[in-house]
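Below is one structure, written out as structure tokens, with a few remarks after it.
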Protein chains: 2
Amino acid sequence: MTKNVRVIVCGFGRVGRNFARLMDSKRRIVARRYGLTLDLLGVGELNGSVLSASPIPPSELADYFEAHGNLGNYPGSGKTGWEGADIIREIKEADVFVETTPTNIQTGEPALSHIHAALSRGMNVVSANKGPFIRSYNFLKSLADSKGTSLKLSAASAAALPILDVAQTCLAGAEIHTIEGILNGTSNFILSRMRIGDEDYEMALAEAQRLGIAESDPALDVEGYDTVNKLALIANVAMEANILPEQISRTGIVDISAEQVRQAAAEGKIMRLLGRAVMDQSGRVSATVAPELLSKNHPLASVDGAEKGVTFTTDTMDRITVAGGKSDPKGAAAALLKDILNIYRAP
Amino acid sequence: MTKNVRVIVCGFGRVGRNFARLMDSKRRIVARRYGLTLDLLGVGELNGSVLSASPIPPSELADYFEAHGNLGNYPGSGKTGWEGADIIREIKEADVFVETTPTNIQTGEPALSHIHAALSRGMNVVSANKGPFIRSYNFLKSLADSKGTSLKLSAASAAALPILDVAQTCLAGAEIHTIEGILNGTSNFILSRMRIGDEDYEMALAEAQRLGIAESDPALDVEGYDTVNKLALIANVAMEANILPEQISRTGIVDISAEQVRQAAAEGKIMRLLGRAVMDQSGRVSATVAPELLSKNHPLASVDGAEKGVTFTTDTMDRITVAGGKSDPKGAAAALLKDILNIYRAP
């Protein structure tokens, strides 16, 4: 006997469809190890959605979307013209709302409205979107607490790298004094190429773009904005900080010269774009994002290439580092599934 | 309003007393952040115990034990001649049993009997002892499941390094294919000294003994037995393996020469005593403990000195490494508290 968990998904891009396929490929292990059956009852998308009283086959729906580009005419349960908000409003009952829509990082929309509506209707929420939480984590968490529902955002902070789980579960009861993070894979890839491949910034960036690691407009990554946003989110969850991105001082890697990286290496140091949040004695958190020279025995010195990693320094558990993890849409989908399993598992 | 959690502790050595002091120093944060009040109702010790219907002040009891060497005459609640088993049997009701007695690693006793009795009485169990679980994890976990209680052993696997939490929570839903671990701080310290300090094995061991890192009889550590025991435990929990220590091939570090370590370093490799468990296609787990040469970009290559670390390779989340963490009695006490908080927290 398994417990049925009714799931709706908003956003059927690469993360959403990978999550749907994972619902199928992990069906047996989810039943056997966690005692759960995940039933997909609805998917919201811009150009038409699906909503059904009985479970929809997830991979079949992903195939359909890839073939047709919309869900509105999906046989039996397609809803032409409906969007995510319509699904959240119209569904009779659901247990978990999975948020994966493309999000405006400034406003957090449309995910912010989706999550607000889903929590208000008493659903647990798991999100691959960080947008809504950078400015509104405390507000949404309070709403979830008042409704007795769970709000989990592993996939939003770093896909499969379990930064928030480590902070909240593995370090429960400890006070986190410092967070240091390599949070942007593109910047770390570029700095690693400059050191190991002896390239200058422009060459390393071009290589990152050729490999699909960097966007054609890389500003968000290399100017440190992405690291700022992730650091704000992580500090707000892990340190109960109340920090906004504009309160974090920011220096990117665009002005780093090949000479600087070589000079650092000659001195036995490694340059990383580091997000750093520090809690002072009074509990106030300050945060910076900037290239830093790490000594070779710093635990983040070995986090090379496009990998990410975070080091937490605590009062009772000393320093703990977690690194690695799949950072693509499949990794994000795995993190969404993980969050759902942890909501329903016995401790 | 906090929820009161009634706690009894068996074993009032360094880990048990550190845990008691942590109950006091973390009282406010445990109430505010986790909504819990931990009430110490009993402590079992060889030369007399305490048992009380109302909460005992934990630090005061630790002070008393340090002054008197036993608990039997503790004013009001001392029980001369009682041991841990008596407390478990005689207590009216308790929510959590904390196990920290010195344990025979072969038989798992007396902790095995304590834990069996506590689970049978419906208590949640958190243990800093690995002894009972190396051979009997599956049995005790089944008992806990049948009673609807929790069994958590973070402190038993590596004190504050959250190996089991990462495997069970951070990687939920993923299949762990390989576990690689630097699980013994003493061996890692010796190998690090041989590489960095250019010492031979005997010199590095003597230094480890001088610093209190190695025991006067270091066989358990340097011959790989400790790594074997921890690896069996971790594989059984994280991979649902059913492996016994004697099924793990074992090579220690006692025959490693300074020349071998130097030669490896010259080739850009780093020698580590590695515990390795691998799951094959059919789900069967095989395990080895032996010195291995890691390339410098292996995530465990940078885990230096007395630190520990584990790398999990999974199907859906790729490779995730966790390293560091306080490995003394204070770290173990922090892990015991963490396990209790995670039993009672909302997901």
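By convention in this document, chain letters (A, B, ...) are assigned in the order of the sequence lines, proteins followed by strands, and residues within each chain are numbered from 1. Everything numeric here is computed off the predicted structure, so don't read it as measured data. All values below were derived from every heavy atom in this structure, side-chain atoms included, with hydrogens, water molecules and symmetry-related copies excluded.
Side-chain N/O atoms of A:S302 and B:S302 include a donor and acceptor closer than 3.5 Å. Neither side chain, A:N297 nor B:D304, offers a donor N or O lying under 3.5 Å from an acceptor on the other. Between the side chains of B:N236 and B:N138, no donor N or O sits under 3.5 Å from an acceptor N or O.
Between B:R6 and B:D39, no side-chain nitrogen of the basic residue sits less than 4.0 Å from a carboxylate oxygen of the acidic one, so the salt-bridge criterion is not met.
Within the 4.5 angstrom heavy-atom criterion, no atom of B:L151 approaches chain A. Contacts between B:D339 and chain A at a heavy-atom distance below 4.5 Å are absent for every atom of the residue. When heavy atoms are compared at a cutoff of 4.5 Å, A:K152 approaches chain B solely by way of its side chain, counted from C-beta outward. With a 4.5 angstrom heavy-atom cutoff, B:N342 touches chain A via backbone and side-chain atoms both. Looking at A:I340, neither its backbone nor its side chain comes within 4.5 Å of chain B, counting heavy atoms on both sides. For A:D315, the part lying near chain B is the side chain, with the backbone staying farther off; criterion is any non-hydrogen pair under 4.5 Å.
A 4.5 Å side-chain heavy-atom check between B:M123 and B:D95 finds every atom pair outside the cut-off. Counting heavy atoms from C-beta on, the side chains of B:R276 and B:E292 come closer than 4.5 Å. B:N124 places none of its side-chain heavy atoms less than 4.5 Å from the side chain of B:F97. Contact of the A:V96 side chain with the A:Y344 side chain is registered, since non-hydrogen atoms from C-beta on lie closer than 4.5 Å.
A distance of 6.0 Å separates CG in A:L171 from OG1 in A:T314, rounded to the nearest 0.5 Å.
With B:N188 contributing its side chain and B:A306 its backbone, the two residues share no donor-acceptor pair below 3.5 Å. A:R272 contributes a side-chain N or O that, together with a main-chain N or O of A:A301, makes up a donor-acceptor pair within less than 3.5 Å. Between the side chain of A:R345 and the backbone N or O of B:Q168, at least one donor-acceptor pair lies under 3.5 Å. Side chain of B:R195 to main chain of B:M271: no donor-acceptor pair is present (N/O by atom type, distance under 3.5 Å, no hydrogens or angles).
Ranked by non-hydrogen atom pairs under 4.5 Å with chain B, the options A:L341, A:L337, A:T169, A:T311 are led by A:T169. Per-residue heavy-atom pair counts under 4.5 Å with chain A were compared for B:P162, B:G305, B:C170, B:G148, and the maximum is reached by B:C170. When B:K296, B:E240, B:H298 are compared by the number of non-hydrogen pairs under 4.5 Å with chain A, B:E240 comes out ahead.
Within a 6.0 Å radius of CZ in A:R14, no more than 12 heavy atoms belonging to other residues, nucleotides or ligands are found.
Scanning residues 318-331 of chain A against chain B with a 4.5 Å non-hydrogen threshold yields A:D318, A:R319, A:I320, A:T321, A:V322, A:A323, A:G324, A:G325, A:K326, A:K330, A:G331, sorted by number. Identified by a heavy-atom distance below 4.5 Å to chain B, the contributing residues of residues 28-37 of chain A are A:I29, A:R32, A:R33, A:Y34, in residue-number order.
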